[in-house]
There are 2 protein chains.
Amino acid sequence: MLDNERYTYMASVMKAMAHPTRLFIVDELDKGPKNVGELTAMVGIDMSTISRHLSILRHAGIIAATKNNNQMIYRLLCPCVLDMYKCVLKIKEQED
Amino acid sequence: MLDNERYTYMASVMKAMAHPTRLFIVDELDKGPKNVGELTAMVGIDMSTISRHLSILRHAGIIAATKNNNQMIYRLLCPCVLDMYKCVLKIKEQED
DNA sequence: TGGCTATTTGTCCCTTTTGCCAAATACCTG
DNA sequence: CAGGTATTTGGCAAAAGGGACAAATAGCCA
């Protein structure tokens with residue numbers, strides 16, 4: 001398979017997005033930066049789990065964090081990920 | 001989490017893309033329809049595994065298949081998935 | 001029908017992912 | 001320093017993902 005490394009990298013970024021909770025987080029961060037507590041309250045699962053989701057998105061380079069006192073403020077780095085939604089919706093239309 | 005079903009659906013489509021071999025297949029099908037044997041030769045792993053990858057992409061609505069004699073010809077349904085690459089590359093640039 | 005080619009499906013094994021709880025860490029404040 | 005709040009990390013269990021091999025299925029041709 002030609003250029004395997006490229007595909008592996010691309011897949012890793014897409015995998016980071018490919019989870020309902022993480023897509024929700026990305027959507028929320030697109031509206032504005034938020035801390036872990038706020039996101040936890042919105043999603044309604046354990047904060048440790050949210051923290052891990054945020055870590056996955058951060059390592060993929062999709063979001064970034066800044067420390068504010070004892071809080072971590074997360075923000076969306078690349079709003080272009082939201083364009084992926086458009087394509088997914090186009091696929092959905094095709095099926096109906 | 002608001003509108004959970006929407007996020008679950010979107011995640012399932014993105015998950016279908018989130019694998020190096022499947023991204024490669026999508027890229028190849030973008031150049032033109034191909035049968036399972038051709039894709040297997042290009043990727044270099046077991047045909048049964050390729051077949052399952054194709055099944056995953058088909059169920060996600062990303063590709064479609066037509067039977068030609070005893071071959072299955074796969075084709076890309078929604079070339080817009082390739083636009084996702086652009087965003088991933090933008091993310092990569094940001095990191096360097 | 002029997003054999004040949006192309007593809008899919010069943011099964012097994014191993015690895016990764018996800019979620020929870022509890023413990024650790026970080027930072028502020030009295 | 002002690003206590004409080006915010007977040008991350010370790011460990012564990014359940015579930016899902018990925019690959020190989022063998023067996024099943026489908027369609028063609030003699």
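Naming: A, B, ... by sequence-line order, numbering from 1 per chain. Atom set for the values below is all heavy atoms of this structure, side chains included, hydrogens, waters and symmetry mates excluded.
- Taking only side-chain atoms of A:R22, from C-beta outward, the nucleotide of D:dT7, D:dT8, C:dT18 with the closest atom is C:dT18.
- Here the C1' atom of nucleotide D:dT5 and the CG atom of A:N35 are 12 Å apart, to the nearest Å.
- A:I73 and A:F24 are not part of a single hydrophobic cluster, where members link through side-chain heavy atoms under 4.5 Å apart.
- If you measure from atom CD of B:E38 to atom C1' of C:dT5, you get 15 Å, rounded to the nearest angstrom.
- Cys pair B:C87/A:C78: SG-SG separation is not below 2.5 Å.
- For the pair A:R22 (side chain) and A:A16 (backbone), a donor-acceptor distance under 3.5 Å is present.
- The distance between atom CD1 of B:I56 and atom C1' of C:dT9, rounded to the nearest whole Å, is 13 Å.
- Checking the phosphate oxygens (OP1, OP2) of C:dA6, no side-chain nitrogen or oxygen of B:Y74 falls inside 4.0 Å.
- Regarding contacts with the backbone of C:dT17, every side-chain N or O of B:K15 stays at 4.0 angstrom or more from both OP1 and OP2.
- Atom P of nucleotide D:dT7 and atom CD1 of A:I63 are separated by 13 Å, given to the nearest angstrom.
- Close to D:dG18, at under 4.0 Å from its OP1 or OP2, lies a side-chain N or O of B:H19.
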Inset, instruction - Could you encode protein contacts along nucleotides 20-29 of chain D as a string, one character per nucleotide from 5' to 3', using B for base contact, S for sugar-phosphate-only contact and - for no contact, with a heavy-atom cut-off of under 4.0 Å? - result: BBB---SSS-
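- Residues A:I56 and A:V43 do not share a hydrophobic cluster, defined by chaining ILVMFWY side chains whose heavy atoms lie under 4.5 Å apart.
- Rounded to whole angstrom, the span from the CE atom of A:M72 across to the P atom of D:dT9 amounts to 9 Å.
- Atom CZ of B:R58 is separated from atom P of C:dT9 by 8 Å (rounded to the nearest Å).
- Between A:H19 and A:H53, the two ring planes are tilted [angle within 30° to 60°].
- The side chain of B:H53 contributes an N or O atom lying less than 4.0 Å from OP1 or OP2 of D:dG19.
- Remark: C1' of D:dG17 and CE of A:M14 are 16 Å apart, rounded to the nearest angstrom.
- The CE atom of B:M47 sits 9 Å away from the P atom of C:dT8 (whole-angstrom rounding).
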Inset, instruction - With salt bridge (Lys or Arg N to Asp or Glu O under 4.0 Å) as the test, would you mind laying out the steps for A:K90 and A:E93 before giving the verdict? - result: CA-CA 5 Å; A:K90 215 180 283 181; A:E93 279 166 35; over 6 Å; no
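- If you chain together hydrophobic residues whose side chains sit under 4.5 Å apart, B:M17 and B:L77 never meet in one group.
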